[in-house]
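Just so it is clear, the structure is predicted and the values come from calculations on it, not from any experiment. Only heavy atoms go into these numbers, but all of them, side chains included; no hydrogens, no water, no symmetry mates.
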Amino acid sequence: MKIATWNVNSLRARADRVEAWLQRTDCDVLAIQETKCKDDNFPWELFERMGYEVAHFGVSQWNGVAIASRVGLDDVERTFLDQPVFGKNGKDAVQEARAIGATCGGIRVWSLYVPNGRALNDEHMPYKLGWLDALRAHAEGRLQAEPEAQIALMGDWNIAPQDDDVWDIDYFRTEGLTHVSEPERAAFRAFENAGFLDVVRPHTPGPGVYTYWDYTQLRFPKKEGMRIDFVLASPALAARVTGAAIDREERKGKGASDHAPVIVELSD
DNA sequence: ATGGTTGGGATCCAA
């Protein structure tokens, strides 16, 4: 069985790429981030054609998460327990479409698009940290209630947990950039402390191994990327992992997303 | 030559 996560940066713009990728990768469950659409213009037929059930959570042209599965898709949850809302200057706070969960083939799968944070002193940063803490509390609660549960927290975490997860940590420090700050890294570690494991890194060791390359500055050809997309697995699920890969090829060519898909292989 | 992109109820905002 294969499960994967992919920030597609607009599902409509990427429809042909996604279809071709599903075709050749033959994966059973795909967690998608940044569909950038509402249900009205979601490409339902693409997944139908390919034999996948799909659940989507999209409220505007921003964000949007989905789960496609051909091993069942049950008990869909849109947003997690106490998921924080966001509004500029604290006004008109809305629940953003950043988390969807479903049970697929016995695995509780979450497709997650962690808030970007934007800048260390931006109001999006406390939102990001609070969002992560609430997700951690939710996931930890589920795991404590059922220690044998198979849970996959996968998506775009917008955090580079280690210095080698960016091409030049000094550049990030000098510029005072997000994704590498101690509070963000602490928020990520809290998931590991709660019992969730990064099951991809052991199969794709760095340095120089990334999941995202900025469109600007010719980051991809210059091999200047970031490892920010992760699959965190509960212990029972982690025990089933037989391999993992980052599909860097998918970042190549015209019409690529700025993120590569991340795939995890599981024993039956 | 020190920049260079891509996407969206778009002509700016987000990444």
What pattern of brackets, bars and dots sums up DNA chain B from 5' to 3', given Watson-Crick or G-U wobble pairs under 3.5 Å, [ ] for crossing pairs and | for another strand?
....(((.....)))
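Looking at H179(A) and N158(A), their side chains do bring a donor and an acceptor atom within 3.5 Å of each other. In this structure, a donor-acceptor pair under 3.5 Å is present between the side chains of Q33(A) and T5(A).
Using a 4.0 Å heavy-atom cutoff across all strands shown, K88(A) reaches sugar-phosphate atoms only and no base atom. Residue-level contact check: Y212(A) touches neither bases nor backbone, having no heavy atom under 4.0 Å from any strand. Here R12(A) lies in heavy-atom contact (under 4.0 Å) with sugar-phosphate atoms only. Residue T216(A) is in base contact, counting any heavy-atom pair closer than 4.0 Å across all strands shown.
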Ignoring hydrogens and angles, write down the donor-acceptor pairs under 3.5 Å from the side chains of residues 260-267 of chain A, residues two or more places apart or on other chains.
residue	atom	partner	partner atom	Å
S267(A)	OG	R240(A)	O	3.3

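At the phosphate of dG4(B), neither OP1 nor OP2 sits under 4.0 Å from any side-chain N or O atom of R219(A).
At whole-Å resolution of the value, NE2 in H179(A) and P in dA14(B) are 15 Å apart.
Of the residues F191(A), W131(A), W110(A), the one that meets the ring-ring contact (aromatic ring centres under 6.0 Å, His included) test with H138(A) is W110(A). Of the candidates W213(A), W167(A), Y215(A), F220(A) forms a ring-ring contact (aromatic ring centres under 6.0 Å, His included) with just one, namely W213(A).
Nearest-nucleotide mapping onto DNA chain B: of R118(A) and L218(A), the residue sitting toward the 5' end is L218(A). Nearer to the 5' terminus of DNA chain B, by closest-nucleotide assignment, is the contact made by S60(A) (compared with the other of S60(A) and N7(A)).
Listed by chain and number, the residues in a side-chain hydrogen bond (donor to acceptor under 3.5 Å, both in side chains) with Y113(A) are E34(A) (sequence neighbours excluded).
Nearest to the side chain of A13(A), among dT5(B), dG8(B), dA15(B), sits dG8(B).
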